[in-house]
Structures are given as C-alpha cells and as structure tokens.
Protein chains: 2
Amino acid sequence: MSDPVNGEPLVVVLLEHAMHRVRAELYALSDASFPGLRTRHYRLLSLLPPGGERLTRLTAASGLTKQALAQALAPLQAGGYVEVVPDPSDRRARLVRLTDRGREATAAVRHRLAAVEREWAAQVGEERYAVARAVLTDLAPGPVTVGE
Amino acid sequence: MSDPVNGEPLVVVLLEHAMHRVRAELYALSDASFPGLRTRHYRLLSLLPPGGERLTRLTAASGLTKQALAQALAPLQAGGYVEVVPDPSDRRARLVRLTDRGREATAAVRHRLAAVEREWAAQVGEERYAVARAVLTDLAPGPVTVGE
DNA sequence: GGAGAATGGTCAAGCCGCTTGTCTACCCGG
DNA sequence: CCGGGTAGACAAGCGGCTTGACCATTCTCC
C-alpha cells in the first residue's frame with residue numbers, strides 16, 4: 001500500500017488506510033447488531049433530521065442520485081430503521097424518518113467510531129490526534145444544513 | 001454530508017471529504033494528461049518497483065484479488081503505462097513493469113498531490129497540517145515491502 | 001382557472017468494478 | 001515421474017451506481 005520507490009507515501013494511500021479501518025469497524029458493527037447495513041447506510045441514517053426529510057433533499061446532502069438513494073433506502077426501510085410516510089404538505093413527496101431502531105443504529109455508530117478515535121488518540125498521542133481531527137474538520141466544507 | 005443532529009461530524013465523513021478532494025484532483029489529472037486512468041490505476045502504478053513485479057505479489061500489496069488486479073491492469077497495459085513480460089525465472093509468471101510513460105504518470109500524481117497538500121497546509125497552517133499528515137502516517141501500517 | 005413548466009418520485013436498462021468458481025500451465029519436492 | 005501447490009486466464013454473476021424515460025402533483029403566470 002505504500003510506495004517502494006519514493007520516500008513518503010501518497011496522501012491518498014494514507015487516507016485510504018484510515019477509511020479502511022473505519023469501514024472495518026462499521027462492518028463489525030453490522031455483523032454484531034445491524035445485519036446488512038453498509039457504510040453508506042449509516043451515513044444516510046446520520047443525515048436524517050429529527051422531523052424526517054424528503055428523498056430529493058437527501059440527494060443533495062449525500063451526493064447521490066435519487067435513484068441510488070432510493071435503492072440505498074430500501075434495505076433501511078425493510079430493516080425498520082426508517083419509515084417512509086407521505087408528506088402532508090405535498091402529495092408528491094414522501095418523508096423519510098428515523099425509527100427508534102434507526103436512532104439506535106446511529107447512536108451505535110457514534111459510539112463505535114468514538115472508540116476507534118480513542119484508540120487512535122492513544123496510539124499517536126491525544127494532542128496530536130486532536131490536531132489531526134481539527135485539520136480534517138477545517139478541510140471539510142461547512143456543515144451541510146440538510147435539516148434546514 | 002455532516003450531521004444535522006449531533007454536534008461534531010463523524011470521522012468517516014471527514015475522511016471521505018478529503019478522499020473526495022484527492023480523487024477530484026486525480027480525475028482532473030486524467031482528463032488533462034492520462035485519459036481513462038482512475039484512482040486505482042495511479043495507486044497501482046505507484047506500487048510497481050523498478051524491476052517489475054508479479055501480479056500475484058501485487059494482489060497482496062493492493063488488497064485486490066488477482067482477477068480484479070488483472071482487470072485493472074488491462075487499461076494500463078493498453079495505454080502503454082506498463083508492459084507485461086514473461087518472468088525469465090518462472091514460465092508461469094509474468095512481470096509487470098513501468099514504462100517511461102508510466103513513470104511519467106506516477107511523477108505527475110506525486111506532483112499533483114503535493115500541490116493539494118500545499119494548498120491544505122496553507123489553509124490550516126503548515127505546522128498543523130504537518131502534524132495531521134504525520135498522524136495519518138503513524139496510523140497507517142508499516143510500509144508494505146512489495147519490492148522485497 | 002387553466003396551460004405549461006417545474007418538482008418529487010418510480011421503473012427499467014445498462015455499466016463498471018469486483019467477486020467466486022473453474023480451468024490450464026508450470027514449478028517443485030519426493 | 002508423479003502429486004500437490006502456485007501463476008495466471010476465462011467466465012459468470014452481483015452490487016451499486018448511472019442515465020433515460022415516465023407518471024403524478026404542484027407551481028407560475030397570463
């Protein structure tokens with residue numbers, strides 16, 4: 001995964017490794033408690049505001065097409081993580097809303113990822129890790145206000 | 001992409017954003033100079049040691065199956081980025097070797113990614129970025145010695 | 001208030017990247 | 001020289017996404 005020729009590894013490789021670690025953790029979480037859920041499902045769940053959200057607005061937040069999103073949503077609905085109800089204010093639209101089980105899943109994700117971060121912090125030092133996280137946060141775009 | 005409910009964004013989201021930025025840069029590079037090459041192709045190229053390498057050993061380094069790898073290698077071979085020659089020491093095996101054009105591509109990647117990193121450093125501060133990168137490096141596994 | 005455009009969502013087909021399974025060619029240890 | 005292991009190719013299939021077409025409803029504006 002690193003570069004045998006040149007000295008320092010490519011950023012992309014470093015990022016990929018961290019992603020890989022995180023994904024492994026999420027898969028373990030799925031195996032243990034939420035069978036069938038993939039990384040994108042957890043991300044989707046974490047995007048849902050309390051009052052529910054329309055599919056179209058989720059596409060903007062998630063960067064997926066509405067078709068892809070609908071497809072990703074199907075297992076979530078089937079598993080009882082979200083419920084899809086008609087939007088009272090627009091008969092074309094449907095609201096996607098977290099269920100209790102969905103909230104359970106998002107809480108579990110936070111918990112699990114927090115554990116990974118604690119582990120990382122222990123490995124590289126609390127302060128250094130804090131800096132790294134802050135840097136990544138700074139590099140990320142401003143919060144996407146999906147919940148208005 | 002961020003979380004509207006809870007405070008701090010998930011690590012996975014932060015990492016994904018950085019990855020996304022990097023990938024965008026690589027795509028731009030492909031459009032400009034190396035049409036058809038995707039992120040995995042650049043990574044593959046950067047894995048190749050000077051003397052060439054066998055497909056099977058690359059699978060270990062890349063984490064892909066040999067079939068996936070062979071598939072990813074095809075466009076590289078077609079584009080003249082690598083050449084595949086029989087291994088003199090084992091008639092079953094074939095050596096994948098960088099061509100000049102391949103070396104050109106890897107150099108371009110390094111250049112381009114270095115530019116992104118300079119940009120990031122300017123945005124968050126040289127020292128903070130240096131810490132972040134060092135942390136990511138520490139978290140990555142020891143160098144995979146693909147070139148023996 | 002009615003026609004036309006815009007929006008929310010679904011259905012269907014297809015592509016791409018990867019997987020598993022199977023096969024041949026070759027190496028190596030007895 | 002024979003059996004097991006390894007290098008790699010071939011084929012089929014699948015998951016996740018895309019584009020394209022379509023229907024239902026709502027908005028806009030004359």
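We name chains A, B, ... by the order of the sequence lines, and we start the count at 1 in each one.
- Spacing between atom CG of B:Leu69 and atom C1' of D:dA9 amounts to 13 Å, rounded to whole angstrom units.
- Of the residues A:Glu119, A:Arg118, A:Glu117, A:Gln123, the one that meets the side chain to side chain donor-acceptor pair (under 3.5 Å) test with A:Tyr129 is A:Glu117.
- Residues A:Arg103 and A:Tyr81 have side chains that never bring a donor and an acceptor to within less than 3.5 angstrom of each other.
- With a heavy-atom cut-off of 4.0 Å to chain B, the contacted part of DNA chain C has its first and last nucleotide at C:dG17 to C:dC27.
- Annotation: A:Arg94, atom CZ; neighbour count of heavy atoms from other residues, nucleotides and ligands within 6.0 Å does not exceed 12.
- Tracing side-chain contacts under 4.5 Å through hydrophobic residues (I, L, V, M, F, W, Y), one never reaches A:Leu48 starting from A:Leu95; they form parts of separate clusters.
- With hydrogens and angles disregarded, no donor-acceptor distance shorter than 3.5 Å links the side chain of A:Ser30 to the backbone of A:Arg38.
- A:Thr56 comes within contact range of the sugar-phosphate backbone alone, with a heavy-atom separation under 4.0 Å but no base atom that close.
- Judged by distance alone, with hydrogens and angles left aside, the side-chain atoms of A:Thr59 form no donor-acceptor pair with the main-chain N or O of A:Lys66 at under 3.5 Å.
- One distance of note links CD of A:Gln71 with OG1 of A:Thr65; it measures 8.5 Å at 0.5 Å rounding.
- Side chain of A:Thr99 to main chain of A:Gly80: a donor-acceptor pair is present (N/O by atom type, distance under 3.5 Å, no hydrogens or angles).
- Taking the six-membered ring for Trp and thresholds of 30 and 60 degrees, B:Tyr42 and B:Phe34 have ring planes more than 60 degrees apart, a perpendicular arrangement.
- Near DNA chain C, meaning a heavy atom under 4.0 Å from it, residues 78-93 of chain B has B:Asp90, B:Arg91, B:Arg92 in order of number.
- Rounded to an integer number of Å, the gap from CG of B:Leu58 to P of D:dT6 is 18 Å.
- Linking Ile, Leu, Val, Met, Phe, Trp and Tyr residues whenever their side-chain heavy atoms come within less than 4.5 Å places A:Leu55 and A:Val84 in a single cluster.
- Nucleotide D:dC22 holds its P atom 14 Å from the NZ atom of A:Lys66, rounded to whole Å.
- In terms of phosphate contacts, A:Thr65 brings a side-chain nitrogen or oxygen within less than 4.0 Å of OP1 or OP2 of D:dT18.
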*Which parts of nucleotides 10-16 of chain D does protein reach within less than 4.0 Å, heavy atoms only, written one letter per nucleotide 5' to 3' as B for base, S for sugar-phosphate only and - for none?*
B-----S
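- When each of B:Ala68 and A:Leu55 is assigned the nucleotide of DNA chain C bearing its nearest heavy atom, the one mapping closer to the 5' terminus is A:Leu55.
- In terms of modelled atom types and a separation under 3.5 Å, the side chain of A:Arg57 and the main chain of A:Glu53 share no donor-acceptor contact.
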